[in-house]
Amino acid sequence: MASANFGKFALGLAGGNHVIATDTHKALLVTVLPDETALDTWQFRSSVTNEHAATGGYTTGGFNVTVDSVVEDTTNNRIAVTYSAANPTYTGVTLAGVVGCVIYKVVGTAGTDRVMHLVDFAGTKGVTAGNFTVTFSTPFYINR
């Protein structure tokens, strides 16, 4: 599966639940990618049942994510949203079986935080007593 937007995220945009440039965002590591049904139905962080266990420097709920840019692409009729992680490197950790992460809007609790994007790491990643770095190399596109 490729990286994707959650369907309820688009609904939330239409309903005014997101102001991407100013909202607070986090990302959590997952050990299993959600299937197509989950991409259509997950709305809140509480739906994510496959978060990596807290270990080493990684804590439940993930890490801070910053919006770097929101740019209109008039040629392709879409909006490009680019993120970076405020603390993307975990030093001296042991993480196994990480396949991606879920970027979400922080609202307050797992039952109110809104999932936005799935980042597929294109394979299983892990490290034993080493450094684990998370990077977002491409923007997420929101079609208009």
Side-chain angles (χ1 to χ4, degrees), residues 1-73 76-91 93-128 130-144:
M1 171 184 300
S3 296
N5 296 316
F6 285 93
K8 297 292 183 181
F9 167 59
L11 184 62
L13 281 172
N17 295 320
H18 296 275
V19 181
I20 294 173
T22 59
D23 288 339
T24 300
H25 302 97
K26 291 185 92 171
L28 56 87
L29 300 175
V30 294
T31 56
V32 176
L33 294 175
D35 62 18
E36 290 294 330
T37 299
L39 284 174
D40 291 339
T41 60
W42 287 7
Q43 183 172 3
F44 301 106
R45 182 168 55 100
S46 57
S47 298
V48 182
T49 57
N50 50 0
E51 181 178 6
H52 194 287
T55 182
Y58 181 75
T59 57
T60 303
F63 50 92
N64 295 324
V65 174
T66 302
V67 175
D68 289 335
S69 66
V70 178
V71 178
E72 183 178 18
D73 176 351
N76 296 300
N77 297 316
R78 61 190 181 183
I79 307 299
V81 181
T82 305
Y83 295 92
S84 64
N87 54 340
T89 300
Y90 292 101
T91 305
V93 298
T94 297
L95 295 170
V98 179
V99 296
C101 67
V102 172
I103 297 175
Y104 65 93
K105 173 187 173 180
V106 176
V107 177
T109 67
T112 60
D113 293 344
R114 296 178 171 276
V115 297
M116 299 168 56
H117 314 286
L118 167 68
V119 180
D120 183 347
F121 291 167
T124 303
K125 308 293 183 197
V127 64
T128 302
N131 298 338
F132 188 89
T133 302
V134 178
T135 57
F136 305 108
S137 58
T138 58
F140 284 89
Y141 295 104
I142 303 166
N143 293 326
R144 58 179 179 99

Value for CD (Glu72) from CD1 (Ile142), rounded to nearest 0.5 Å, stands at 12.0 Å
Heavy-atom closest pair (Gly130 atom, Val127 atom, distance to 0.1 Å) is CA-CG2, 3.5 Å
Rounded to the nearest 0.5 angstrom, the CG-CZ distance for Asp73 and Arg78 is 5.0 Å
| field | Minimum side-chain heavy-atom gap Val93-Tyr58 below 4.5 Å | value | no
Test side-chain contact (heavy atoms from CB on, under 4.5 Å) on Asn76 and Tyr141; report intermediate values, then the result.
CA-CA 10 Å; Asn76 296 300; Tyr141 295 104; over 6 Å; no
Notebook entry, point to check: Is a side-chain N or O of Thr31 found less than 3.5 angstrom from the main chain of Asn50, in a donor-acceptor match?
Noted result: yes
Query - Leu28 side chain reached by Lys26 side chain, heavy atoms, under 4.5 Å - result: no
ask   = Is a donor on one side and an acceptor on the other found under 3.5 Å between the side chain of His52 and the backbone of Ala96?
value = yes
Could you check whether any side-chain heavy atom of Leu118 comes within less than 4.5 Å of a side-chain heavy atom of Phe9, counting everything from C-beta outward?
no
To the nearest 0.5 Å, atom CD of Glu51 lies from atom CG of Leu29 at 7.5 Å
Nearest heavy-atom contact between Arg45 and Thr109 is NH2-C, 3.7 Å
Review point. Is the closest side-chain heavy-atom distance between Tyr83 and Val119 below 4.5 Å?
Key: no
Heavy-atom closest pair (Thr124 atom, Gly97 atom, distance to 0.1 Å) is CG2-CA, 3.4 Å
d(Leu33 CG, Ser3 OG) to nearest 0.5 Å is 8.5 Å
Between Val30 and Cys101 the two heavy atoms that sit nearest each other are CG2-N, 4.0 Å
Requested in this report: Compare all side-chain heavy atoms of Val134 with those of Phe121 and state whether any distance is below 4.5 angstrom.
Outcome: yes
With His117 as partner, the option from Phe6, Trp42, Phe140 fulfilling ring-ring contact (aromatic ring centres under 6.0 Å, His included) is Phe140
The reported gap from NE2 in His18 to NE2 in His25 (rounded to nearest 0.5 angstrom) is 7.5 Å
Discussion item. With a 3.5 Å distance limit and no angle check, can you tell me whether Tyr104 reaches the backbone of Gly61 through a side-chain donor-acceptor pair?
Written reply: yes
To the nearest 0.5 Å, atom CG of Asp40 lies from atom NZ of Lys8 at 8.5 Å
| request: Kindly indicate whether the side chain of Asp23, heavy atoms from C-beta on, has any atom under 4.5 Å from the side chain of Val67. | output: no
On a heavy-atom basis, the closest approach of Ser46 and Gly111 is OG-CA, 3.8 Å
